[in-house]
Amino acid sequence: MKRIAVFASGSGSNFQVIAEQFPVEFVFSDHRDAFMLERAQNLGVTSYAFELKEFENKVVYEEAIVELLDQHEIDLVCLAGYMKIVGPILLSAYEGRIINIHPAYLPEFPGAHGIQDAWEAGVDESGVTIHWVDSGVDTGQIIKQVRVPRLPDDTFETFEARIHEAEYKLYPKVLRELGVKEK
Ligand code: GRF
């Protein structure tokens, strides 16, 4: 069985979708006040939260994360709105075992504002991508992606909601394809 951990920084709606369908060993948040921690509690999923600023530097912070992953014997780390770049300590320990969801059709619109950047560029369609994590920002090998249209009467909010709906379908699909067993 493949054991998964989910990393998120904020709302955690992708985490919730994953946790409803798959056993999640734990969630990690790099913000102690993230809403996703409430979701974890409601879902009965173990959670850990600590912040980079509580550590001497990012090396020590990531060493603490690697320790958690090792302790829980995690096979696959699922980033879902984890807003930090994965550094060399975490990457070297878990390379090839970390995936990320990005709310655009990579390599289009990488970075922290994929939905907004696509919207502002006036595209007819954007998308969602799940990819392996490497040392770049949203540059790792693509696992699967889907196109999401921008409709003529969309507002930013309706467009954004359609992107999120696509995320909620794509993440479970990719996890199944990677051999993660459902609940
Ligand atoms: C998602 O759109 C994800 O693709 C992006 O950050 C957002 C996180 O949303 N990286 P949530 O925390 O899962 O609600």
For this session: Could you tell me the separation between the CD atom of Gln16 and the CD atom of Glu38, rounded to the nearest 0.5 Å?
Result: 11.5 Å

Exercise. So among Val146, Asn100, Leu170, which one has a side chain to side chain contact (heavy atoms under 4.5 Å, CB included) with Ile130?
Worked result: Leu170

For this session: Decide if atom CD of Glu54 counts as having more than 12 heavy atoms of other residues, nucleotides or ligands within a radius under 6.0 Å.
Result: yes

Problem set entry | Sidechain N-carboxylate O distance under 4.0 Å for Glu51, Arg32 | no

Problem set entry | Gap separating the OG atom of Ser29 from the CZ atom of Phe35, nearest 0.5 angstrom | 12.5 Å

Seminar exercise, completed: Rounded to the nearest 0.5 Å, the CZ atom of Arg150 sits from the CD1 atom of Ile163 at a distance of 10.5 Å

Seminar exercise, completed: Rounding to 0.5 Å, atoms CD (Glu95) and CZ (Arg97) come to a distance of 10.5 Å

Problem set entry | More than 12 heavy atoms of other groups within 6.0 Å of Gln41 CD | no

Seminar exercise, completed: Between Ser11 and the options Met36, His164, Arg39, the side chain to side chain contact (heavy atoms under 4.5 Å, CB included) test singles out Arg39

Without placing hydrogens or testing angles, list every side-chain donor-acceptor pair under 3.5 Å for residues 111-120, not counting sequence neighbours.
{"residue": "Gln116", "atom": "NE2", "partner": "Glu120", "partner atom": "OE2", "Å": "3.2"}

Exercise. For the residue pair Phe50 and Phe28, is the inter-centroid distance of their aromatic rings smaller than 6.0 Å?
Worked result: yes

For this session: Determine the minimum heavy-atom distance between Glu62 and Ile89, stating which atoms define it.
Result: OE1-N, 3.4 Å

When the side chains of residues 69-86 are checked against the rest of the protein, which donor-acceptor pairs come out under 3.5 Å, sequence neighbours left out?
{"residue": "Asp70", "atom": "OD1", "partner": "Tyr94", "partner atom": "OH", "Å": "2.6"}
{"residue": "His72", "atom": "NE2", "partner": "Tyr48", "partner atom": "OH", "Å": "2.8"}
{"residue": "Asp75", "atom": "OD2", "partner": "Arg3", "partner atom": "N", "Å": "2.7"}
{"residue": "Tyr82", "atom": "OH", "partner": "Tyr61", "partner atom": "OH", "Å": "2.8"}
{"residue": "Lys84", "atom": "NZ", "partner": "Asp30", "partner atom": "OD2", "Å": "2.6"}

Exercise. Between Glu108 and Glu125, which heavy-atom pair has the shortest distance, and what is it?
Worked result: OE1-O, 4.5 Å

Exercise. Just by distance, do the side chain of Lys144 and the backbone of Val128 share a donor-acceptor pair under 3.5 Å?
Worked result: no

Exercise. For Glu67, does the CD atom have more than 12 heavy-atom neighbours from other residues, nucleotides or ligands under 6.0 Å away?
Worked result: no

For this session: Ignoring hydrogens and angles, tell me if any N or O in the side chain of Thr129 forms a donor-acceptor pair with the backbone of Leu106 under 3.5 Å.
Result: yes

Seminar exercise, completed: Rounding to 0.5 Å, atoms CD1 (Ile18) and CG (Leu43) come to a distance of 11.5 Å

Exercise. Is it true that atom CG of Asn57 has more than 12 heavy atoms of other residues, nucleotides or ligands lying nearer than 6.0 Å?
Worked result: yes

Seminar exercise, completed: Nearest heavy-atom approach of Arg162 to Asp154 is NH1-OD2, 2.6 Å

Exercise. Testing Asp138, Ile99, Thr139 for side chain to side chain contact (heavy atoms under 4.5 Å, CB included) with His131, which one passes?
Worked result: Asp138

Exercise. Would the number of heavy atoms belonging to other residues, nucleotides or ligands and lying under 6.0 Å from NZ of Lys53 be above 12?
Worked result: no

For this session: Spell out, yes or no, whether Val148 and Leu151 are grouped together once hydrophobic residues are joined by side-chain heavy atoms under 4.5 Å, including indirect joins.
Result: no

Exercise. Does one hydrophobic cluster hold both Leu90 and Phe55, with members joined at side-chain heavy-atom distances below 4.5 Å?
Worked result: yes

Exercise. Between CD1 of Ile98 and CH2 of Trp132, what distance do you get to the nearest 0.5 Å?
Worked result: 9.5 Å

Exercise. In terms of hydrophobic clusters joined by side-chain contacts under 4.5 Å, are Val133 and Ile65 together?
Worked result: yes

